[in-house]
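Data first, discussion second: the structure below is written as structure tokens.
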2 protein chains.
Amino acid sequence: MKTEKISELTTNRLSVYLRCLNELAAAGVETISSQAMAEQFNLNSAQIRKDLAYFGEFGVRGVGYYVEELRQHLMKILGLTEKHRVAIVGLGNLGMALANYQGFNQHSFNIVALFDADPAKVGSRVRSGLEIQGSENLKEIIKRENINIVIITVPAHAAEQVLEQVTEAGVRAVLNFAPVHLHPKPGVKVKTVDLTTSLESLSYFLANPSADGINVDYRDFLRYEADSNGAGR
Amino acid sequence: MKTEKISELTTNRLSVYLRCLNELAAAGVETISSQAMAEQFNLNSAQIRKDLAYFGEFGVRGVGYYVEELRQHLMKILGLTEKHRVAIVGLGNLGMALANYQGFNQHSFNIVALFDADPAKVGSRVRSGLEIQGSENLKEIIKRENINIVIITVPAHAAEQVLEQVTEAGVRAVLNFAPVHLHPKPGVKVKTVDLTTSLESLSYFLANPSADGINVDYRDFLRYEADSNGAGR
DNA sequence: AATTGTGAATTCCTTCACAGCC
DNA sequence: GGCTGTGAAGGAATTCACAATT
């Protein structure tokens, strides 16, 4: 285990490897080579080996990686053996959809609180039965409920203020859907998912078909993901 | 105007610059320097100048960039002067939210068709009045309606097949929310938004606070300090 | 024989630094 | 004086290529 700085490009890929291993494990596959995994994602096999080697020597020469063993390692490395308590702030279309979404890793990420500033929404419940709370008590509820990840789905103009409040409440990880660049304090990590930018970037490639890079693959996604995080470093 | 390859990192930033310019224009600001813009996004001013310089000499030395003029250029470069006709495939929570979302650039991106394979959903309408159609006629409707961007919000196992169908229908730009690596044909651009990966990457950060920065980067602290005492800019 | 782990080479991206212009 | 545009330098991420290991 080295003490080198791990880039976000790497952590994003680790998450993708983990998903792949989950599928392999479910299919009963016992070992996998970096080459075989690389082919699935149009990645270079050396990159996979390097990503993994940051954290230990998990492979066996001549064999590859034991699927279940590597899966456990990645879960540990990514902090997925801990349950994360997640709050969503802003229950518009997107916030509602995420509140009802079954797609997250249910074991690791539990949505345990919902907030909205609109009094008309406060008190109503989403499908899971969770009740929408007013934003007045955001800070104390976040503290009391030990929430450590906040998803921001408020309008752009309100996002920075929400970030400030949840930061004061001790939250250090934020997934931001507001189309705005946030300014996190040191030690606070913001990842922004910006749908407008994604669409506009697609638009660019439609408008410039001659441009290279038109045949993209997962690498571009991973790179974008890393790049679009606010700051915190 | 150069013929160099424009990276997706650059096109993503162009979209961010455009958003910034929209705000400046709305605020009545007439010119902006690369330095002033850079401060808003924690970017290097040379990077902004370089990104813009790929497409022309838009600035004026000693002055900066004329906001409205640069805004028009960026709209043109990003292909936003054309209206894009967008379809959403998969009207689950997320697809529904996006169908009702007002946040996209309404002038450039029009959602004009919705598809779902579930017969129970076919025929119902979203808030805008648009009707959900069955997936049987996906290809012909996409052609007939001249749809050029497709948003995929189906479950992971169905996404690749949707990509194939819309590719056959002539679509060359896809925004994919399914947590899976897709394999687009050459000339087809796929951007994937992967919420699980985003969350897991945040989880890594929480599990390894020393890795990504608490007090590691002093410059970051200084930057924050400078920002938070109303002095700068 | 197969496959890892990794230094070296390469490619790509960002930042510096300054000439050139307003 | 202030700011752009850009070649050069620097830094980061990726890929190559091979010795080491099972």
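Just so we're on the same page: letters track the sequence lines, and every chain starts at 1. Small disclaimer: the values here were computed from a predicted structure and weren't measured.
- Applying the 4.0 Å criterion to OP1 and OP2 of D:dG2, one finds that B:Tyr65 has every side-chain N and O outside that range.
- Here the C1' atom of nucleotide D:dC3 and the CD atom of B:Glu30 are 18 Å apart, to the nearest Å.
- The distance from atom CZ of A:Phe41 to atom P of D:dT14 is 15 Å, rounded to the nearest whole Å.
- Atom CG of B:Leu70 and atom P of D:dC3 are 16 Å apart (whole Å).
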CA sep, side-chain torsions, deciding dist, call: B:Lys189, B:Glu8, salt bridge (charged side-chain N to carboxylate O under 4.0 Å, His left out): CA-CA 11 Å; B:Lys189 171 113 179 146; B:Glu8 192 160 352; 2.8 Å; yes
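- To the nearest angstrom, P of D:dG5 lies 14 Å from OH of B:Tyr54.
- Regarding B:Tyr66, its OH atom lies at a distance of 12 Å from the C1' atom of D:dC3, rounded to whole Å.
- Pairing each heavy atom of B:Thr167 with each of B:Leu163, the nearest pair is OG1-O, 2.6 Å.
- Side chains of B:Ser15 and B:Arg19: a donor-acceptor N/O pair is absent below 3.5 angstrom, by distance only.
- What separates CD1 of A:Ile48 from P of C:dT4 is a distance of 9 Å, to the nearest Å.
- For CZ of A:Phe58, the number of neighbouring non-hydrogen atoms (other residues, nucleotides, ligands) closer than 6.0 Å is greater than 12.
- Summarising the geometry, the separation between CG on A:Asn12 and P on D:dA13 is reported as 12 Å, rounded to the nearest angstrom.
- No side-chain donor-acceptor contact under 3.5 Å links B:Arg172 and B:Asn148.
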Contact state string [nucleotides 16-22 of chain C, B base, S sugar-phosphate only, - no protein heavy atom under 4.0 Å]: BB-BBBB
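- Among the heavy atoms of the strands, none lies under 4.0 Å from B:Thr10.
- By the neighbour-count criterion of 12 heavy atoms within 6.0 Å, atom CD of A:Gln161 is sparsely surrounded, having that number or fewer from other residues, nucleotides or ligands.
- Remark: C1' of C:dC13 and NZ of B:Lys5 are 10 Å apart, rounded to the nearest angstrom.
- Side chain of B:Ser33, nearest nucleotide from D:dC3, C:dG5, D:dT14: D:dC3.
- Exactly one residue among B:His183, B:His181, B:Gln165 makes a side-chain hydrogen bond (donor to acceptor under 3.5 Å, both in side chains) with B:Glu160. That residue is B:His183.
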